[in-house]
Peer 1: 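Mind looking over this structure? Questions follow.
Quick note on labels: first sequence line is chain A, next is B, and so on, each numbered from 1.
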There are 2 protein chains.
Amino acid sequence: MPRIDTAQRVDRKAAILDAAERCFVRSGFHGASMSDICGEAGMSPGNLYRYFPSKEAMIEGLCERDFAEVGEGFSTLALAPDIWTAFEALARFHMIEEPRESCQLWVEIMSEVARNPQIGTLRKKIDQFIEGKIRFALEMARDRGQTAPDADLEPAVQFLITYADGLMLRRARDENFDPRPHVDLMFSILRSMLLPPSTPAIARLNTP
Amino acid sequence: MPRIDTAQRVDRKAAILDAAERCFVRSGFHGASMSDICGEAGMSPGNLYRYFPSKEAMIEGLCERDFAEVGEGFSTLALAPDIWTAFEALARFHMIEEPRESCQLWVEIMSEVARNPQIGTLRKKIDQFIEGKIRFALEMARDRGQTAPDADLEPAVQFLITYADGLMLRRARDENFDPRPHVDLMFSILRSMLLPPSTPAIARLNTP
DNA sequence: CTCATAAAAATGAATGTTCATTCTCTTTTT
DNA sequence: AAAAAGAGAATGAACATTCATTTTTATGAG
């Protein structure tokens with residue numbers, strides 16, 4: 001008499017979310033049909049509904065997962081020995097290594113945030129979490145002498161958040177957008193904000 | 001025997017787009033139904049279809065109008081006597097005076113861009129247009145001695161585009177986001193990129 | 001001025017399709 | 001053999017669009 005295999009169930013849910021993610025990127029949350037998702041997941045609707053009670057629940061599950069993945073990268077940021085290196089690695093990961101589809105999903109989620117209060121609440125939490133982690137990381141950097149001692153951190157925090165969002169939006173909408181020089185520019189500007197004025201100014205941007 | 005009044009027809013179409021815009025911001029392009037739009041426009045479906053042949057056409061019409069409005073602001077940028085003032089006015093207009101709903105619509109459009117080739121083509125055009133106008137405005141500023149003579153313009157162009165997109169995305173997703181200090185920060189950074197190093201560095205950001 | 005008239009504007013019910021979800025049944029697993 | 005996994009047809013609501021019909025409006029003949 002078989003009992004439910006929890007681990008296998010979690011894997012299956014993840015695979016369904018993967019399939020749903022592909023559909024949502026292709027057609028949007030409201031443009032993709034459950035039938036599309038069933039096809040992509042190789043699964044009948046009857047069976048899919050054993051894992052998620054509704055389409056809404058799938059969207060929320062996907063947002064939750066996406067937020068958790070993003071949050072994870074920031075959680076250990078301040079612990080790294082060299083914060084600049086850790087920061088750059090994190091930015092490179094999110095903006096360059098991750099496929100463009102991640103950015104498209106991000107923008108899709110952001111446009112859903114105002115419509116779905118459930119997702120809105122999740123968004124608020126992750127935004128505050130990330131902002132706090134960035135602020136803490138910069139404070140650590142300053143305490144360790146890795147920035148100018150009197151560096152004003154708050155503008156740098158806000159700059160990073162805004163600029164990263166801008167890069168996500170640009171990459172999502174333009175298939176030819178190469179994020180690499182733009183990440184370099186982001187850190188050039190960040191350095192000019194945080195390092196003593198003696199250090200060389202904004203580096204050049206290699207525009208294609 | 002009445003003939004068609006073209007001007008009145010254009011007004012009517014604009015009013016329909018206004019109503020549609022409200023619905024699309026509220027529910028998204030694919031979440032809003034034609035019935036919603038008819039209700040918002042105070043118009044029966046049969047009549048609405050005399051002005052737009054399909055929902056798709058309405059979405060395209062709305063994008064086209066939005067792009068045209070944005071483009072208009074940039075078209076005369078380089079002609080202004082003081083480019084810094086003109087730039088700041090334009091940024092304040094788009095980021096502060098315009099309601100948050102504009103930002104939400106912008107994000108909605110950006111997430112539609114990859115799905116609808118028609119809109120994708122429009123997006124490419126307006127992006128290139130804006131980028132060209134910003135570049136030209138900065139060149140004019142440099143020629144007039146309003147920037148450092150050896151200022152590297154390209155990073156500044158890219159910074160402005162990315163940062164403005166970031167502000168749009170943040171304002172769209174967060175109802176409590178106050179764009180004003182962030183626009184100030186944007187121009188502080190821009191000045192630090194374009195003015196000689198003698199001029200005072202990044203201004204403080206008033207965070208609430 | 002007025003009224004007949006035909007074009008244009010507008011209506012709202014009808015249509016056919018698509019969609020999310022459910023239900024019944026079969027297959028697999030232990 | 002019983003519980004879980006899975007399939008796929010069925011259901012009812014919602015949707016974009018169309019159609020038959022009525023109302024409004026501008027015009028020019030009387």
Peer 1: Between the side chains of A/Glu101 and A/Arg22, is the shortest nitrogen-to-carboxylate-oxygen separation below 4.0 Å, so that they form an ion pair?
Peer 2: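 Salt bridge flag = no for A/Glu101 with A/Arg22.
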Peer 1: Please write out the pairs of protein N or O atoms and N or O atoms of nucleotides 17-20 of chain D separated by less than 3.5 Å, giving the distance to one decimal.
Peer 2:
from	atom 1	to	atom 2	distance (Å)
D/dT17	OP2	B/Tyr49	OH	2.6
D/dT17	OP2	B/Lys55	N	2.9
D/dT17	O5'	B/Tyr49	OH	3.2

Peer 1: Give, for atom CD1 of A/Ile96 and atom CG of A/Asp178, the distance between the pair rounded to the nearest 0.5 Å.
Peer 2: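 With rounding to 0.5 Å, CD1 (A/Ile96) is 7.5 Å from CG (A/Asp178).
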Peer 1: Could you state the CZ-C1' distance from A/Phe52 to C/dA20, rounded to the nearest angstrom?
Peer 2: 16 Å
Peer 1: Grab the CD1-P distance between B/Ile16 and C/dA9 for me, whole Å please.
Peer 2: 11 Å
Peer 1: Categorize B/Ala57 for me: base, sugar-phosphate, or nothing, with a 4.0 angstrom heavy-atom threshold over every strand shown.
Peer 2: nothing
Peer 1: When the distance from CD of A/Gln8 to P of D/dG6 is rounded to whole Å, what number comes out?
Peer 2: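 It works out to 8 Å between those atoms.
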Peer 1: Are A/Arg123 and A/Gln128 close enough that a side-chain donor and a side-chain acceptor fall under 3.5 Å?
Peer 2: no
Peer 1: Nearest whole angstrom, please: distance from the C1' of D/dA16 to the CG of B/Leu48.
Peer 2: 11 Å
Peer 1: Can you tell me if CZ on B/Phe136 sees more than 12 non-hydrogen neighbours from other groups inside 6.0 Å?
Peer 2: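 No, not enclosed.
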Peer 1: In whole angstrom, what separates B/Ile59's CD1 from D/dA16's C1'?
Peer 2: 12 Å
Peer 1: D/dA7, D/dA16, D/dA5: which one has an atom nearest the side-chain heavy atoms of A/Met43?
Peer 2: D/dA7
Peer 1: Which of these nucleotides, C/dA8, D/dA5, D/dA16, is closest to any side-chain atom of A/Arg50?
Peer 2: D/dA5
Peer 1: Between B/Phe74 and B/His94, what is the ring plane arrangement, given parallel below 30°, perpendicular above 60°, and tilted in between?
Peer 2: parallel
Peer 1: So, does A/Arg12 get its side chain near the phosphate of D/dG6, meaning an N or O under 4.0 Å from OP1 or OP2?
Peer 2: yes
Peer 1: Are A/Asn47 and A/Ser44 linked by a side-chain donor-acceptor pair shorter than 3.5 Å?
Peer 2: no
